[in-house]
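Remember, it's a predicted structure, so these values are computed and weren't measured experimentally. Position 1 is the first residue of the sequence, and the numbers go up from there.
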Amino acid sequence: MAGARRKFSRPASAATHDRLTGVLNRAGFIDQAEALFRATAGRQRAFSALMLDIDHFKRVNDVYGHAAGDLVLADFAQLVNRCLRDTDVLGRLGGEEFAVLLPDVSAAVARAVAQRICDACAAHATVLEDGTPLAFTVSIGVAHGPDVPVALDALLSAADAALYLAKQSGRNRVVISGDESLPAATAVP
């Protein structure tokens, strides 16, 4: 599955890629991720999943307009892409929600990748067409294969639950599935 994040020619990718961001759409992401799982059937292989949600994205659309929101989405996808390896799978699941599947990483590496994305977003601003810099942050939930049943839907569900906790505890942070004992207002380093 090397090169899972690469952009493809328009006709070949129209059904699997999000037109706005150039990354996999929901169907393309699920297909690529399930193919990775199938390819490793019977072998021990660690997977981590990240669920990412741009914080207060509705406000971006409401205040700056949908064209600005589209710029933020495209910029965000590129920013996340730069934080990933060629073997990682990135997809836009809908709206401002994205998912990443990280094959062959430890829980510590998955945490570090998520924190790198979170930090990169916090340090970045999308420049709107009128030159206005628009800062945004992201909340990220992380689940690691050995900590949850190793099935794609279970891994994504665990990451989504961790994302929900990140949103509840103040946004602009990473929460690891199973770290529910962390104080609610504490970001995971």
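From Leu50, atom CG reaches atom CG of Leu163 across 10.5 Å, with rounding to the nearest 0.5 Å. In this structure, CZ on Phe136 lies 6.0 Å from CD1 on Ile54, to the nearest 0.5 angstrom. A distance of 9.5 Å separates CG in Asp18 from CG in Leu24, rounded to the nearest 0.5 Å.
A continuous path of ILVMFWY side-chain contacts below 4.5 Å connects Leu134 to Leu71, so both sit in one hydrophobic cluster. Following chains of ILVMFWY side-chain contacts shorter than 4.5 Å, one cannot reach Phe57 starting from Tyr164, and the two form parts of different hydrophobic clusters. Leu79 and Leu52 are not part of a single hydrophobic cluster, where members link through side-chain heavy atoms under 4.5 Å apart.
The side-chain heavy atoms of Asp119 and Gln115, taken from C-beta on, include a pair separated by under 4.5 Å. Contact of the Leu156 side chain with the Leu101 side chain is not registered, since no non-hydrogen atoms from C-beta on lie closer than 4.5 Å. In this structure, the side chains of Val100 and Leu84 come closer than 4.5 Å at one or more pairs of heavy atoms. Between Ile140 and Asp53 the shortest side-chain heavy-atom distance does not fall below 4.5 Å. When side chains are defined from C-beta on, Phe98 does not count as touching Leu93, because their heavy atoms never get closer than 4.5 Å. For the pair Met51/Glu97, a side-chain contact is recorded, criterion being any heavy-atom separation below 4.5 Å from C-beta on.
Here the side chain of Arg173 pairs a donor or acceptor atom with the backbone of Arg171 at under 3.5 angstrom. Between the side chain of Arg111 and the main chain of Ala114, no donor-acceptor pair closer than 3.5 Å is present. A distance-only check finds no donor-acceptor pair linking the side chain of Asn61 to the backbone of Lys58 [under 3.5 Å]. Side chain of Ser139 to backbone of Asn172: a donor-acceptor contact under 3.5 angstrom is found.
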I'd like a table of donor-acceptor pairs (distance under 3.5 Å, sequence neighbours excluded) in which one partner is a side-chain atom from residues 120-133, with atom names and distances.
from   : atom 1 : to     : atom 2 : distance (Å)
His124 : NE2    : Asp75  : OD2    : 2.5
Thr126 : OG1    : Asp75  : OD2    : 2.6
Asp130 : OD1    : Thr132 : N      : 2.9
Asp130 : OD1    : Thr132 : OG1    : 2.7
Asp130 : OD2    : Thr132 : OG1    : 3.2

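Heavy atoms only, all atoms of each residue included: Gly145 and Leu155 are closest at N-CD1, 3.7 Å. The two residues Ala143 and Ala158 have their closest heavy-atom pair at CB-CB, 3.6 Å. When all heavy atoms are compared, the tightest approach of Ala110 to Val142 is CB-CG1, 4.0 Å. Between Arg92 and Thr21 the shortest heavy-atom distance is CD-CG2, 4.1 Å. Here the closest non-hydrogen pair linking Leu90 and Phe29 is C-CD1, 4.0 Å. Contact record, Ser48 with His144: OG-ND1, 2.5 Å, taken as the closest heavy-atom pair.
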Checklist entry - Going through the checks in order, is the side-chain contact (heavy atoms from CB on, under 4.5 Å) test met by Val138 and Glu96? => result CA-CA 10 Å; Val138 65; Glu96 70 276 13; over 6 Å; no
Item to check | Asp104/Phe47 under side-chain contact (heavy atoms from CB on, under 4.5 Å): CA gap, chis, key distance, verdict | outcome: CA-CA 6 Å; Asp104 300 318; Phe47 286 97; over 6 Å; no
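In this structure Asp160 satisfies the side chain to side chain donor-acceptor pair (under 3.5 Å) test with no other residue, sequence neighbours excluded.
Salt bridge annotation for Asp88-Arg85: present, with a cationic side-chain nitrogen under 4.0 angstrom from a carboxylate oxygen.
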